[in-house]
Amino acid sequence: MFMSIIKILSSAAIPFTILFICLIGYVRGVKIYDAFIDGAKEGLATAVRILPFLVAMFVAIGIFRASGAMSIFTSLLSPIARLMGISGDLLPLAIVRPLSGTGSMEVLSDILKVHGPDSLTGRMASVMQASCETTFYIITVYFGAVGIKKIRHTLVIGLMADALAFIGAILICRALFGSA
């Protein structure tokens, strides 16, 4: 019953949101199609402007993974995760998710292949993927695009939010789906 309601709400959320935005625009007298085209032009200009930042970040992530640094971090954090009852298979996702959405999708895919999407680990990984943010990506791309260089507080808060989302995903999945 609960999952059926979630599926229905998930399927209706995006079409309802688009319809709601169009309705509000119509009520306010906005030329919706023209506004959409203007937004698309701005989006294309922004994509060109942030391309160098994206390339730099993807190279850094590739080096991080290829150098074995991620394996070292995972090995260092595994004893702590075991004490907390967290599967060590979730640690690479927790490490990569703040760095890259695409990289974390690869890790999530590996977890789902090994454990299955309906396993507790698969569900935890899926919730983590959906609830954590690509903090370094956001800071690199968006702050870089507008020239913000003082990121210290944003980075700390972003990583704290990622850690809380990671812990929340585990606790919520255990509460909803049990511990097995």
Co-membership, hydrophobic cluster, residues [X] and [Y], 4.5 Å side-chain:
X	Y	answer
Leu44	Val146	no
Leu171	Leu90	yes
Val141	Ile148	yes
Val96	Val59	no
Leu159	Val107	yes

Taking every non-hydrogen atom, the tightest pair across [X] and [Y]:
X	Y	value
Thr135	Gly158	OG1-O, 3.6 Å
Pro79	Ser75	CD-O, 3.4 Å
Ser100	Gly103	OG-N, 2.9 Å
Ala165	Ser131	CB-O, 3.7 Å

Using a 3.5 Å distance criterion without hydrogens, assess whether the side chain of [X] forms a donor-acceptor pair with backbone atoms of [Y].
X	Y	result
Arg97	Ser104	no
Thr74	Met70	yes
Asp89	Thr121	no
Ser119	Gly122	yes

What distance do [X] atom [atom1] and [Y] atom [atom2] have between them, rounded to the nearest 0.5 Å?
X	Y	atom1	atom2	answer
Glu106	Leu108	CD	CG	11.0 Å
Arg82	Leu91	CZ	CG	9.5 Å
Glu42	Arg49	CD	CZ	9.0 Å
Arg123	Ile170	CZ	CD1	15.5 Å
Ile172	Met128	CD1	CE	12.5 Å
Leu120	Leu176	CG	CG	10.5 Å

With the side chain counted from C-beta on, respond yes when [X] and [Y] share a heavy-atom pair under 4.5 Å apart, and no when they do not.
X	Y	answer
Leu155	Ile139	yes
Ser126	Leu112	yes
Ile167	Ile86	no
Leu99	Tyr137	no
Pro98	Phe136	yes
Leu93	Phe166	no

Using distance only, find each side-chain donor-acceptor pair of residues 11-38 under 3.5 Å and give its atom names and separation, not counting sequence neighbours.
unit_1 : atom_1 : unit_2 : atom_2 : d
Ser11  : OG     : Lys7   : O      : 3.0
Thr17  : OG1    : Ala13  : O      : 2.7

Worksheet item: Counting only heavy atoms not in Phe73, do more than 12 sit closer than 6.0 Å to its CZ atom?
Response: no
